[in-house]
Amino acid sequence: SKKKGLSFEEKRTRMMEIFFETKDVFQLKDIEKIAPKEKGITSMSVKEILQSLVDDGMVDTDRIGTSNYFWAFPSKALHARKRKLEELESQFAESSQKKEALQKSIEKSKIGREDTAERAALIEELAALRQKKEQLKAEIDKYRECDPDVVEEMRQTNKVAKEAANRWTDNIFSIKSWAKRKFGFEESRIDKSFGIPEDLDYID
């Protein structure tokens with residue numbers, strides 16, 4: 001079977017070995033001779049690999065006269081790894097701080113959304129009014145074809161209940177408006193927190 005070629009990173013590692021093992025300074029033409037013979041790196045890829053190591057600061061280069069020279073020492077590579085580690089540790093610390101800040105923000109946003117007696121009473125009253133409304137509607141339907149006076153009386157009773165329900169609806173809207181101004185809460189979040197139906201509206 002055909003022998004698998006070296007990956008880009010494998011070539012970079014082997015080229016660094018040339019510098020570390022010899023602790024010498026080379027020109028490009030020197031590395032193009034050594035790399036294929038001793039490290040199995042094709043001569044055509046030597047320049048690209050070498051340039052990538054220079055770009056990453058792992059290999060130093062300088063122009064002397066008309067020639068470019070390349071070198072790399074283990075101590076420099078160690079310092080480069082230490083700098084990279086410090087950079088990653090700094091990024092990790094920054095991310096941890098952001099996470100902690102977000103967690104505190106979440107905890108802070110929960111303040112003011114606790115269950116209260118006022119909220120429970122409001123929900124209970126609203127439920128009672130809705131139930132009364134349904135009862136009155138059923139009574140009106142029951143007496144629709146009966147005594148007109150009885151029907152009229154039921155209608156007046158329903159009107160009173162409807163006005164009461166609308167007053168409570170108005171109170172709820174006022175409280176929601178106040179909460180939005182006071183705490184900057186979104187309307188949908190207020191509805192969800194206090195169990196207020198999304199389709200809450202005045203009774204026609």
Side-chain angles (χ1 to χ4, degrees), residues 1-116 119 175-196 198:
S1 61
K2 188 176 180 180
K3 186 177 179 180
K4 184 180 179 181
L6 298 173
S7 68
F8 190 77
E9 282 304 319
E10 287 173 334
K11 291 177 182 179
R12 281 165 54 93
T13 300
R14 294 195 180 193
M15 187 168 290
M16 289 303 297
E17 290 174 356
I18 296 174
F19 292 105
F20 290 166
E21 290 169 358
T22 62
K23 298 180 177 63
D24 204 349
V25 178
F26 301 95
Q27 289 182 269
L28 175 61
K29 62 182 180 181
D30 300 323
I31 301 176
E32 286 176 335
K33 292 178 182 178
I34 297 171
K37 183 178 179 181
E38 297 186 9
K39 298 299 179 180
I41 303 171
T42 58
S43 57
M44 289 189 300
S45 64
V46 167
K47 187 174 182 179
E48 179 187 3
I49 300 298
L50 184 58
Q51 187 60 50
S52 75
L53 294 172
V54 170
D55 293 340
D56 289 346
M58 298 177 68
V59 173
D60 291 314
T61 183
D62 196 7
R63 187 175 184 84
I64 302 175
T66 58
S67 302
N68 290 321
Y69 291 86
F70 302 89
W71 69 94
F73 301 118
S75 58
K76 177 179 174 63
L78 177 61
H79 290 315
R81 285 195 294 271
K82 284 184 177 179
R83 284 197 301 273
K84 185 64 175 178
L85 178 60
E86 290 172 356
E87 180 184 341
L88 291 173
E89 288 176 342
S90 176
Q91 291 176 359
F92 178 77
E94 184 179 349
S95 297
S96 297
Q97 289 177 351
K98 287 183 179 179
K99 178 184 176 183
E100 186 177 349
L102 286 172
Q103 190 64 41
K104 288 181 179 178
S105 179
I106 291 172
E107 294 301 324
K108 185 178 180 181
S109 69
K110 292 180 180 179
I111 298 174
R113 302 183 184 181
E114 302 86 352
D115 289 336
T116 63
R119 174 195 171 197
I175 292 173
K176 285 171 62 176
S177 179
W178 174 81
K180 285 191 288 184
R181 292 197 309 272
K182 181 74 174 177
F183 302 106
F185 292 160
E186 295 179 1
E187 185 168 345
S188 59
R189 296 175 69 180
I190 296 174
D191 290 344
K192 185 176 181 181
S193 298
F194 291 92
I196 300 173
E198 294 181 359

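The side-chain heavy atoms of Trp178 and Arg181, taken from C-beta on, include a pair separated by under 4.5 Å. Considering only heavy atoms from C-beta on, Gln27 stays 4.5 Å or farther from Phe70 through its side chain. Between Phe19 and Ile31 the shortest side-chain heavy-atom distance falls below 4.5 Å. Taking the side chain as every heavy atom from C-beta outward, Asp60 and Trp71 approach each other to under 4.5 Å.
In this structure a side-chain-to-backbone donor-acceptor pair under 3.5 Å is present from Ser96 to Phe92.
Atom-to-atom distance recorded for Lys39:NZ and Glu21:CD is 3.5 Å, nearest 0.5 angstrom. Rounding to the nearest 0.5 Å gives a distance of 6.5 Å between CE of Met15 and CG of Leu53. Here OG1 of Thr22 is found 10.5 Å from CG of Asp30. Values are rounded to the nearest 0.5 Å. Put simply, CD on Glu48 and OG1 on Thr42 are 9.0 Å apart, with the number rounded to the nearest 0.5 Å. With rounding to the nearest 0.5 angstrom, the CZ atom of Phe8 is 10.5 Å from the OG1 atom of Thr13.
Among all heavy-atom pairs drawn from Ser45 and Lys11, the shortest one is OG-NZ, 3.6 Å.
Between Glu17 and Arg14 there is no salt bridge, since no side-chain nitrogen of the basic residue lies less than 4.0 Å from a carboxylate oxygen of the acidic one.
Of the residues Ile49, Leu50, Val59, the one that meets the side chain to side chain contact (heavy atoms under 4.5 Å, CB included) test with Arg12 is Ile49.
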Inset, instruction - Evaluate side chain to side chain contact (heavy atoms under 4.5 Å, CB included) for Lys47 paired with Leu28, printing each intermediate quantity in order. - result: CA-CA 7 Å; Lys47 187 174 182 179; Leu28 175 61; 4.3 Å; yes
